[in-house]
Protein chains: 2
Amino acid sequence: MTLSEEDYIKAIFLLSKDVEKGISTNAIAMQMDTKASSVTDMIKKLADKGLVHYKKYQGVRLAEKGRTYAAKIVRKHRLWEFFLVEKLNFTWDEVHDIAEELEHIKSEQLIEKLDAFLDFPRVDPHGDPIPDKDGNIAKVDKVLLSSAKKGERGIVVGVKDSSSEFLRYLDKLKIALGKEITILNKEPFDNSVLIELDSHKISISALTANNIYLKTI
Amino acid sequence: MTLSEEDYIKAIFLLSKDVEKGISTNAIAMQMDTKASSVTDMIKKLADKGLVHYKKYQGVRLAEKGRTYAAKIVRKHRLWEFFLVEKLNFTWDEVHDIAEELEHIKSEQLIEKLDAFLDFPRVDPHGDPIPDKDGNIAKVDKVLLSSAKKGERGIVVGVKDSSSEFLRYLDKLKIALGKEITILNKEPFDNSVLIELDSHKISISALTANNIYLKTI
DNA sequence: ATTTATTTTTAGACAAAGCTAAAAATTTGT
DNA sequence: ACAAATTTTTAGCTTTGTCTAAAAATAAAT
Ligand SMILES: [Mn+2]
Ligand SMILES: [Mn+2]
Ligand SMILES: [Mn+2]
Ligand SMILES: [Mn+2]
């Protein structure tokens with residue numbers, strides 16, 4: 001598998017997470033910041049290799065072989081992110097692009113030794129689960145802050161958008177994994193959410209609330 | 001710089017170490033396990049980018065720009081090797097190929113943080129010096145075991161051949177960095193060397209002796 | 001049910017990096 | 001000094017992955 005093939009298969013894997021149907025050419029092109037025609041070319045190659053199921057104009061689905069391969073790349077990506085934050089003191093907004101390269105290093109032994117060195121972490125710095133060595137992913141139960149109800153309390157356990165910009169905005173709001181949040185009110189006018197955090201009341205926009213995951217308590 | 005360009009510039013850098021003249025196309029092809037015609041193509045590209053000086057049929061020399069770039073790749077290679085051995089418990093014969101990939105990860109910040117995490121090591125697991133962040137390399141003074149004289153003593157500080165096969169052979173002989181060796185005798189017939197190691201006498205072939213560096217004491 | 005708009009695929013080009021085979025230059029041997 | 005051997009370069013092809021522009025298929029709108 002080439003680096004490029006790996007990035008495609010991973011993109012399809014991530015896009016398939018909560019989608020039942022085939023993934024569209026355009027969706028993949030968007031995710032990978034490339035052109036639809038390039039995607040079509042690559043999909044054909046992946047189909048020839050038996051990694052995806054593909055019928056023209058019908059979108060693409062991962063074959064079992066492709067799914068486990070993709071999960072392993074995601075495993076590497078997230079383990080490296082954990083390493084960068086926990087051992088090298090990077091912040092959670094700095095690690096994605098570096099992990100995007102590190103995830104392609106080809107050595108089973110390396111990743112198993114890294115896993116042990118890190119003491120077998122179960123989630124990455126953004127709260128995303130780290131697949132095990134066979135590609136299985138633990139189902140984390142979490143809800144979006146935007147869908148939590150007035151009066152509920154929860155711990156921040158993840159983010160949906162993990163772009164640097166969003167993560168730095170959360171830093172500014174003092175929102176981080178592990179923080180406790182209480183939903184004080186929801187404003188019907190603009191769907192903003194009034195929360196209590198560190199004994200302060202702050203208002204969170206609908207867009208922001210739609211990108212924060214809570215585990216309700 | 002592409003991965004391939006980086007590997008070429010590094011190869012030229014390593015071949016230039018104790019050579020004054022231009023590096024030949026064939027020597028590079030040999031080192032990189034590729035064909036001379038491919039080397040010629042790449043050299044032209046590197047020359048266009050100002051990384052090397054090149055005149056047809058005259059071999060190639062690193063330009064200053066190329067030298068510092070190459071030194072940075074070597075720095076990354078050796079720091080990662082150190083990490084693999086010291087933190088992930090790899091053995092010295094297992095790390096080269098993995099470092100060959102890791103050396104291409106593009107992040108200044110990553111390598112500086114890794115350096116700090118490792119506590120600024122000065123040599124890699126094979127005794128080779130780790131260039132500093134500006135590409136300067138400390139001159140280590142060491143001699144080949146093959147050139148040490150009868151009666152001299154020394155500490156093993158490096159290897160010339162760092163192939164897995166040779167390193168595993170050294171493991172078998174119980175020769176490792178830091179071990180003390182006394183030259184008891186040199187056999188004129190086949191240039192083998194009789195040494196004392198861990199209070200045992202063993203005979204080392206000329207070829208083996210020519211790939212072990214000592215710091216005499 | 002057509003027409004219009006959007007999505008997807010194809011066709012044709014291009015850059016990177018490699019190869020083989022042949023030509024050109026340099027080095028070596030006598 | 002000149003022929004033979006070796007090294008280096010060139011020419012022409014191949015594979016990967018990308019792109020633009022045009023054609024084909026599907027989806028949406030009237
Ligand atoms: Mn990637
Ligand atoms: Mn992540
Ligand atoms: Mn390399
Ligand atoms: Mn080394």
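Atoms considered below: every heavy atom in the structure, side chains included; atoms not considered: hydrogens, waters and symmetry mates.
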Exercise. Could you go through the side chain to side chain donor-acceptor pair (under 3.5 Å) check for D93(B) and S164(B) one step at a time?
Key: CA-CA 5 Å; D93(B) 60 302; S164(B) 305; 5.3 Å; no

Quiz item: How about H77(B) and H96(B): does a side-chain donor come under 3.5 Å of a side-chain acceptor?
Solution: yes

Quiz item: D171(A) and W92(A): side-chain donor and acceptor closer than 3.5 Å?
Solution: yes

Quiz item: Taking for each residue the nucleotide of DNA chain D with the nearest heavy atom, is it S24(B) or L3(A) whose nucleotide lies nearer the 5' end?
Solution: S24(B)

Practice problem: Measure from CG on D48(B) to C1' on dA15(C) and round the result to the nearest Å. | Solution: 14 Å

Quiz item: Counting only heavy atoms not in M1(B), do more than 12 fall under 6.0 Å of its CE?
Solution: yes

Quiz item: Taking OP1 and OP2 of dT9(C), is either one under 4.0 Å from a side-chain nitrogen or oxygen of T25(A)?
Solution: yes

Practice problem: Select base, sugar-phosphate, or nothing to describe what K55(B) touches, counting heavy atoms under 4.0 Å on all strands. | Solution: nothing

Quiz item: Passes side-chain contact (heavy atoms from CB on, under 4.5 Å), D128(B) versus E81(B)? Steps please.
Solution: CA-CA 11 Å; D128(B) 293 313; E81(B) 282 191 343; 6.0 Å; no

Practice problem: Would you indicate which nucleotide in dT10(C), dC19(D), dA24(C) comes nearest to any side-chain atom of K35(A)? | Solution: dC19(D)

Practice problem: Figure out the CE/P separation between M1(A) and dT16(D), and round it to whole Å. | Solution: 14 Å

Practice problem: Return the value, rounded to whole Å, for the distance between atom CD1 of I43(B) and atom P of dG18(C). | Solution: 12 Å

Quiz item: Would one find a side-chain N or O of K56(A) under 4.0 angstrom from OP1 or OP2 of dA24(D)?
Solution: no

Practice problem: Whole angstrom is fine here: how far is it from CG in D41(A) over to C1' in dT16(D)? | Solution: 10 Å

Quiz item: What pair of heavy atoms forms the shortest contact from T34(B) to Y8(B), and how long is it?
Solution: CG2-OH, 3.8 Å

Quiz item: Taking CD from E5(A) and C1' from dT18(D), how many angstroms apart are they, rounded to a whole number?
Solution: 14 Å

Self-check item: 5' priority, DNA chain D, between A36(B) and Q58(A) [closest heavy atom]
Solution: A36(B)

Exercise. Compare side-chain N and O positions of N26(B) against OP1 and OP2 of dT6(D) and report whether any pair is under 4.0 Å apart.
Key: no

Quiz item: According to a strict under-4.0 Å criterion, is Y57(A) in side-chain N/O contact with OP1 or OP2 of dT10(C)?
Solution: no

Quiz prompt | Listed nucleotide nearest any side-chain atom of M42(A), set dT10(D), dA25(D), dT18(D) | solution = dT18(D)

Exercise. May I ask you to evaluate whether S37(B) reaches the phosphate of dG18(C), defined as a side-chain N or O under 4.0 Å from OP1 or OP2?
Key: no

Quiz prompt | side-chain N/O K44(B) vs dT9(D) OP1/OP2, d < 4.0 Å | solution = no

Quiz item: Are S38(A) and dC19(D) close enough that a side-chain N or O sits under 4.0 Å from OP1 or OP2?
Solution: yes

Quiz item: Below 4.0 angstrom from OP1 or OP2 of dT18(D), is there any side-chain N or O of S4(A)?
Solution: yes

Practice problem: Indicate whether OP1 or OP2 belonging to dT18(D) is found under 4.0 Å from a side-chain N or O atom of Y8(A). | Solution: yes

Quiz item: Nearest-Å distance, NZ (K49(B)) to C1' (dA15(C))?
Solution: 12 Å

Quiz item: CD of E6(B) versus P of dA16(C): gap in Å, rounded?
Solution: 15 Å

Exercise. Could you state the atom-to-atom distance from CD1 of I28(A) to C1' of dT18(D) in whole Å?
Key: 16 Å

